[in-house]
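Structure record follows, encoded as structure tokens.
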Amino acid sequence: MFRLNWFSVALLLTLNTFSQTKIDSVFIAKQAVDTVQLKFSTKQLIIPAVLMTYGVVAIESDYLKLINVELRDELKESIDERITIDDFSQYAPAASVYLLNNIGIEGKNNLKDRSLILGTSYLIMSATTLGIKSWTKIKRPDGSSNNSFPSGHTATAFAGAEFMWQEYKDVNIWYGISGFAVAAGTGLFRIYNGRHWLSDVAMGAGIGILSTKAVYWMYPYLKKHLFTKEDKTTSMIVPFYNGKQTGIGYVMVF
């Protein structure tokens, strides 16, 4: 059964990495304001919908609960030391977009637009994740608290990975794939460290991907009606959650 469990983890967390090429093969339209818009396609909903459905069903499914528990128990027996790299890797995909731009490898959008896209994505993702946590009150595998579902670290990582995918998949597909690989690793470490169930990670991944996709679909409208100012300065309050701490950040783009 343990082999089957690890196969389920790999299948759910890496499916998006190797399938995004086909699922996200949509046309990108350049707007007059030099903003890149992602055209909506129902196919783009498949992966986040599958991940989120798994997460929701696992709340009540005895079989999926058993997978969660067996995986947790097996890890308890075989792991002596926790690795907390997931506290940092959750931000790596999004940070990589700015790093690549700084070394001269340009993505789809300019600094202002991509910063507003990422900030809005994090706003949607954080509000959704925190809202579900406060409603479901599911105990973590390590018993430390009752806010396990969904995984905030994983949602943050996959929101950043989708952001990196949209900005760089047409420049070099491997940039986008690497972002999802890091995000999948973040989710695996959340399970490895006993902080989340498999279903928490699946739900977090789905929320993260969908949050960023939604902003790319809506951004031209948001930019026109909310983010355009005569002084060309835009500010935003962005909430964050890292598994232990909740707070807000203030972002200003000139």
Side-chain angles (χ1 to χ4, degrees), residues 14 16-39 44 85-125 153-187 205 208-224 226-236 238 240 242 249-254:
T14 62
N16 54 72
T17 300
F18 298 103
S19 300
Q20 286 280 341
T21 303
K22 293 183 179 179
I23 293 178
D24 258 353
S25 294
V26 297
F27 293 103
I28 299 294
K30 277 281 186 180
Q31 305 299 305
V33 291
D34 201 30
T35 299
V36 179
Q37 180 184 18
L38 177 66
K39 288 188 176 180
Q44 298 172 59
I85 191 174
D86 44 296
D87 288 336
F88 306 98
S89 64
Q90 62 177 318
Y91 303 113
S96 296
V97 172
Y98 291 90
L99 176 62
L100 288 169
N101 273 271
N102 284 339
I103 64 175
I105 305 174
E106 296 183 357
K108 287 288 192 304
N109 291 292
N110 59 39
L111 174 62
K112 177 181 178 179
D113 288 336
R114 67 173 177 267
S115 297
L116 288 171
I117 288 169
L118 180 63
T120 307
S121 171
Y122 276 176
L123 180 64
I124 294 171
M125 177 272 297
H153 279 62
T154 307
T156 299
F158 274 89
E162 180 67 24
F163 173 59
M164 189 173 183
W165 173 262
Q166 295 300 338
E167 289 294 313
Y168 281 101
K169 65 186 178 71
D170 292 333
V171 176
N172 187 323
I173 193 173
W174 290 105
Y175 291 143
I177 289 176
S178 65
F180 281 107
V182 172
T186 300
I209 293 171
L210 188 57
S211 296
T212 301
K213 282 185 181 296
V215 177
Y216 273 94
W217 293 328
M218 299 184 298
Y219 185 68
Y221 175 86
L222 295 176
K223 181 177 180 179
K224 179 179 179 181
L226 297 179
F227 297 146
T228 301
K229 297 183 179 180
E230 291 183 0
D231 61 3
K232 298 182 179 179
T233 300
T234 303
S235 60
M236 175 182 297
V238 182
F240 70 85
N242 63 12
Y250 182 74
V251 178
M252 179 174 288
V253 181
F254 300 91

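What you see below is based on every heavy atom in this structure, not just the backbone, and it leaves out hydrogens, waters and symmetry mates. The model shown is predicted, which means the values in this text are computed figures rather than measured ones.
Between Ala94 and Tyr122 the shortest heavy-atom distance is CB-OH, 3.5 Å. Between Gly208 and Met125 the shortest heavy-atom distance is CA-CG, 4.4 Å. Residues Thr154 and Gly187 share a closest heavy-atom pair of OG1-CA, 3.6 Å. Nearest heavy atoms, Asp87 versus His153: OD1-NE2, 2.8 Å. Scanning all heavy atoms of the two residues, the minimum distance from Thr186 to Ser89 falls at OG1-OG, 2.7 Å. Taking both residues in full, the closest heavy atoms of Gly179 and Pro93 are given as O-CG, 3.7 Å, listed atom of the first, atom of the second, then distance.
Among Asn101, Leu116, Ile117, the one residue that satisfies the side chain to side chain contact (heavy atoms under 4.5 Å, CB included) test with Asn109 is Ile117.
A donor-acceptor contact shorter than 3.5 Å is absent between the side chain of Glu162 and the backbone of Ala159.
Ser96 meets the side chain to side chain donor-acceptor pair (under 3.5 Å) test with no other residue; sequence neighbours excluded. Checked against side-chain contact (heavy atoms from CB on, under 4.5 Å), Ala214 has the following partners two or more places apart in sequence or in another chain: Trp217, Met218. Remark: Tyr98 engages Leu111, Arg114, Ser115, Leu118, Phe163 in a side-chain contact (heavy atoms from CB on, under 4.5 Å) (not counting sequence neighbours). Residues passing the side chain to side chain donor-acceptor pair (under 3.5 Å) test with Ser121 are Thr212, sequence neighbours excluded. Partners of Ile105 under the side-chain contact (heavy atoms from CB on, under 4.5 Å) rule, at least two apart in sequence or in another chain, are Leu100, Ile103, Tyr168, Val171, Tyr175.
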Item to complete: Dump the intermediate steps for side-chain contact (heavy atoms from CB on, under 4.5 Å) on Met164 and Ser178, then the final yes or no.
Response: CA-CA 9 Å; Met164 189 173 183; Ser178 65; 3.8 Å; yes
Worksheet item: Should Glu167 and Tyr216 be marked as a side-chain contact (heavy atoms from CB on, under 4.5 Å) after you check the CA-CA gap, both sets of side-chain angles, and the distance that decides it?
Response: CA-CA 10 Å; Glu167 289 294 313; Tyr216 273 94; 2.6 Å; yes
Practice prompt. List the steps, then state whether side-chain contact (heavy atoms from CB on, under 4.5 Å) holds for Phe180 with Ile209.
Written response: CA-CA 10 Å; Phe180 281 107; Ile209 293 171; 4.2 Å; yes
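If you take OG1 on Thr120 and CG on Leu123, they are separated by 6.5 Å, rounding to the nearest 0.5 Å.
Trp165 is not listed as a side-chain neighbour of Lys213, based on a closest heavy-atom distance of 4.5 Å or more.
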